[in-house]
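Taking it in order: structure first as structure tokens, then the write-up.
Just so we're on the same page: letters track the sequence lines, and every chain starts at 1. Note that these values count all heavy atoms, side chains included, but never hydrogens, waters or copies made by symmetry.
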Number of protein chains: 2
Amino acid sequence: MPRLVMKFGGTSVANVERIRNVARHVRREVEAGYDVAVVVSAMAGKTNELVAWCKEAAPIYDPKEYDVVVASGEQVTSGLLALVLQNDGLPARSWQGWQIPIRTSDQHGAARIASIDGSGILDGFEARREVAVVSGFQGVHAETSRIATLGRGGSDTSAVALAAALGAERCDIYTDVDGVYTTDPRIVPKARRLDRVAFEEMLEMASLGAKVLQVRSVELAMLYRVPTYVRSSFDDPADPKPGTLICDEEDIVEQSVVTGIAFSKDEAQITLRRVADKPGVAAAIFGPLADQNVNVDMIIQVVSDDEATTDITFTVPAADYERSRAILEENRERIGLKDIQGATDVVKVSAIGVGMRSHAGVASRAFRALAEKGINIRAITTSEIKFSVLIDAAYTELAVRTLHSLYGLDKA
Amino acid sequence: MPRLVMKFGGTSVANVERIRNVARHVRREVEAGYDVAVVVSAMAGKTNELVAWCKEAAPIYDPKEYDVVVASGEQVTSGLLALVLQNDGLPARSWQGWQIPIRTSDQHGAARIASIDGSGILDGFEARREVAVVSGFQGVHAETSRIATLGRGGSDTSAVALAAALGAERCDIYTDVDGVYTTDPRIVPKARRLDRVAFEEMLEMASLGAKVLQVRSVELAMLYRVPTYVRSSFDDPADPKPGTLICDEEDIVEQSVVTGIAFSKDEAQITLRRVADKPGVAAAIFGPLADQNVNVDMIIQVVSDDEATTDITFTVPAADYERSRAILEENRERIGLKDIQGATDVVKVSAIGVGMRSHAGVASRAFRALAEKGINIRAITTSEIKFSVLIDAAYTELAVRTLHSLYGLDKA
């Protein structure tokens with residue numbers, strides 16, 4: 001029998017009635033001839049409640065105990081879905097991370113999957129076509145036998161990793177949207193659902209602000225070449241739409257230059273004025289930030305009015321903004337800087353498409369179009385298949401719409 | 001260091017604020033020089049919520065999946081208490097049943113503890129006086145690695161079994177009452193808190209309707225001679241009262257004839273009229289009931305008016321009443337019975353005391369006292385250290401108060 005991994009997020013399992021709907025999707029695939037493993041998240045709102053209790057218990061909490069508390073949410077859902085499936089006459093059983101086991105690193109709260117032993121689940125497939133209902137988001141650290149969670153959105157990663165371990169034909173990620181769009185439809189009503197996206201594009205889109213999948217899950221899908229669908233759990237279980245397939249670039253026939261426009265408000269800009277322009281200054285600035293695990297993204301250096309000094313602008317995650325300024329203040333003398341300026345009301349807008357590899361001048365068209373709208377670009381970064389611009393947050397919608405139209409992504 | 005097991009029930013851990021109070025009790029014992037293992041229940045109301053979801057998911061549910069769902073409640077509490085203790089500066093970690101492991105039978109939903117490996121917890125004691133926060137109510141079936149729960153009140157059993165496994169000096173069961181009473185104070189305001197109760201007495205009291213401890217926990221306390229206190233979590237953590245000690249009979253200096261009066265409304269009476277009085281009839285009646293796991297309790301047989309037949313009265317748990325009648329109807333011909341009568345508005349009132357062993361006529365005084373109040377006795381059973389009478393439920397309070405006074409249990 002071919003194998004299939006299906007994953008359902010929190011809104012899809014928010015209560016027993018919704019879980020019954022999930023069971024209908026599962027039954028359809030079982031009847032279509034698949035051996036099915038279903039990965040489930042905690043019921044909507046549960047994880048937030050559990051996290052709030054942890055914070056109330058200890059403002060600075062031990063991530064090992066945090067993991068014990070929050071992993072309970074998925075445990076509840078997995079048991080309930082197994083009960084519903086059994087009640088519908090399908091053989092089913094729940095699997096917790098430690099039972100499979102899904103072995104992880106010991107970075108509690110943001111653990112990485114090290115290995116998955118699929119043998120127990122495969123035995124259930126062979127013996128009685130038993131549906132495996134797997135708690136997402138969790139695994140176990142092999143040496144300590146402690147529960148470890150994968151970070152927010154980790155159930156996507158559980159699903160893709162399990163699909164790879166089981167040799168599944170594909171992995172279906174059911175969400176509350178019906179696929180991946182050219183950009184956020186709440187910002188651009190003309191946004192189109194994509195039939196197919198290349199792994200590399202999806203990875204950039206997820207990294208650059210599209211919230212549809214956890215970045216790590218796309219990395220794994222790409223690494224293990226797992227065809228992955230993003231589709232809606234709210235479709236009629238008897239006649240669902242296919243959603244968006246994330247697949248190899250070669251499997252996409254009609255490739256446009258730009259596939260999607262992503263944006264992220266989770267950025268802050270820091271500018272250092274009149275830094276001494278001498279060797280080693282970059283290390284003096286970015287070394288201490290790296291030591292404190294601050295992820296510096298866009299970096300621009302321009303010569304200032306004063307010839308002996310330079311201005312340096314870069315971005316950091318908004319959550320690390322205050323901390324980053326404090327680190328720089330501590331190192332002010334070593335860096336030899338005069339002035340620190342910053343802004344948190346900025347947004348990074350990105351255009352992504354594997355077609356950029358073979359087309360020149362894609363980004364420069366954007367710079368011109370944005371300039372014509374009076375939008376000032378504060379920073380630019382480019383890579384082989386994407387470019388990003390940092391602009392004032394007030395221009396987010398205008399910039400996204402402008403680029404969406406510019407690259408022909410608007411609905412016909 | 002001497003070792004101590006403390007157990008806190010659902011109302012004692014109902015929210016993070018109450019859990020903080022639990023941590024104060026734990027700190028007191030750690031500072032008094034104990035290495036401490038704390039067994040916790042689910043937050044009050046949680047188990048009911050989880051059970052309701054299971055029933056909604058599947059009216060007839062697989063107990064293996066039920067166990068997965070309900071065991072999550074204790075997991076949450078154990079993680080939260082560990083966080084609170086750490087936040088207060090005490091080394092602490094949570095332990096789930098499968099991590100210790102607490103190995104159980106495979107009777108999911110009502111599993112029995114088979115063995116406990118205390119070595120991990122003891123390592124934590126030795127290495128850093130680490131408080132072990134243990135999820136009560138749960139264990140793991142060794143062969144299948146599936147989560148198994150111990151039935152309602154099972155955390156008491158977890159605590160006593162753990163105390164035995166760790167060689168603890170004693171086991172403190174913290175509840176919302178401050179000890180074991182001579183009877184239910186809601187029925188008899190003059191009920192007294194007992195300083196000490198013998199294991200055997202506590203076992204009878206728990207079996208006969210006193211809800212303070214799970215029967216199995218008392219069996220284990222008796223078997224392993226674990227001195228067990230029942231005490232209040234609502235006492236001032238800085239100056240708590242000792243509660244009631246459950247201990248060896250020999251450790252109780254002032255032994256009264258009757259220690260307590262228990263009652264159970266969870267009874268139903270069945271009377272079979274004019275059963276053929278021939279050999280094998282008892283087997284014909286009670287065999288089919290035993291085969292269907294109905295626990296028959298009090299049995300009385302009296303010769304009826306007709307000399308060739310007999311009337312047989314017995315009790316079954318109220319929950320099994322309808323089912324028992326149906327089983328008897330099915331076997332009506334084999335039994336050769338004419339008429340089945342029954343009553344569910346009955347109550348079993350019991351007097352318990354190890355002193356009965358050495359005192360004659362204890363029960364007969366009760367029969368006289370009840371008769372004087374006009375209370376009709378429907379059935380009687382006696383054993384070495386208790387007797388029980390089955391009466392109309394309407395007389396419950398009157399009968400309990402009468403016996404409570406009769407045996408000198410009223411407060412001075």
Is chain A contacted by the side chain of [X], its backbone, both, or neither, given a heavy-atom distance below 4.5 Å?
X	answer
B:V140	side chain
B:A71	both
B:E56	both
B:L81	neither
B:E74	neither
B:L80	both

### Task
Could you tell me whether the side chain of B:W53 reaches within less than 4.5 Å of the side chain of A:I19, counting heavy atoms only?
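A side-chain contact is absent here, since even the closest heavy-atom pair is not under 4.5 Å.
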
Report the distance from atom [atom1] of [X] to atom [atom2] of [Y], rounding to the nearest 0.5 Å.
X	Y	atom1	atom2	value
A:R146	B:S94	CZ	OG	4.5 Å
B:N87	A:I60	CG	CD1	8.0 Å
A:L83	B:K55	CG	NZ	12.5 Å

### Query
Is it true that atom CZ of B:R28 has more than 12 heavy atoms of other residues, nucleotides or ligands lying nearer than 6.0 Å?
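It does: B:R28 CZ has more than 12 such atoms within range.
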
#### Entry: A:R27, CZ: over 12 other non-hydrogen atoms inside 6.0 angstrom
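Above 12, so yes.
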
### Message
Looking at chain B, which one of A:V16, A:V69, A:D67 has the largest number of heavy-atom pairs inside 4.5 Å, strictly under?
### Response
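Counting heavy-atom pairs under 4.5 Å, the top option is A:V16.
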
#### Entry: Proximity breakdown for A:I147 and chain B, heavy-atom pairs closer than 4.5 Å
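Both backbone and side chain of A:I147 come within 4.5 Å of chain B.
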
### Query
In terms of heavy-atom proximity below 4.5 Å to chain B, should A:Q75 be classed as side chain, backbone, both, or neither?
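Contact with chain B is through both the backbone and side chain of A:Q75.
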
### Query
Between B:Q96, B:Q99, B:R93, which residue shows the highest count of heavy-atom pairs closer than 4.5 Å to chain A?
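The candidate making the most pairs under 4.5 Å is B:R93.
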
### Top contributor to chain A contacts, counting heavy-atom pairs under 4.5 Å, from B:V76, B:V70, B:L50
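The candidate making the most pairs under 4.5 Å is B:V76.
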
### Query
What are the two closest heavy atoms between B:E65 and A:A82, and how far apart are they?
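Nearest heavy atoms, B:E65 then A:A82: CD-CB, 3.5 Å.
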
### Query
Can you name the nearest heavy-atom pair linking B:S78 to A:V68, along with the distance?
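That closest heavy-atom pairing would be OG-CG1, 4.2 Å.
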
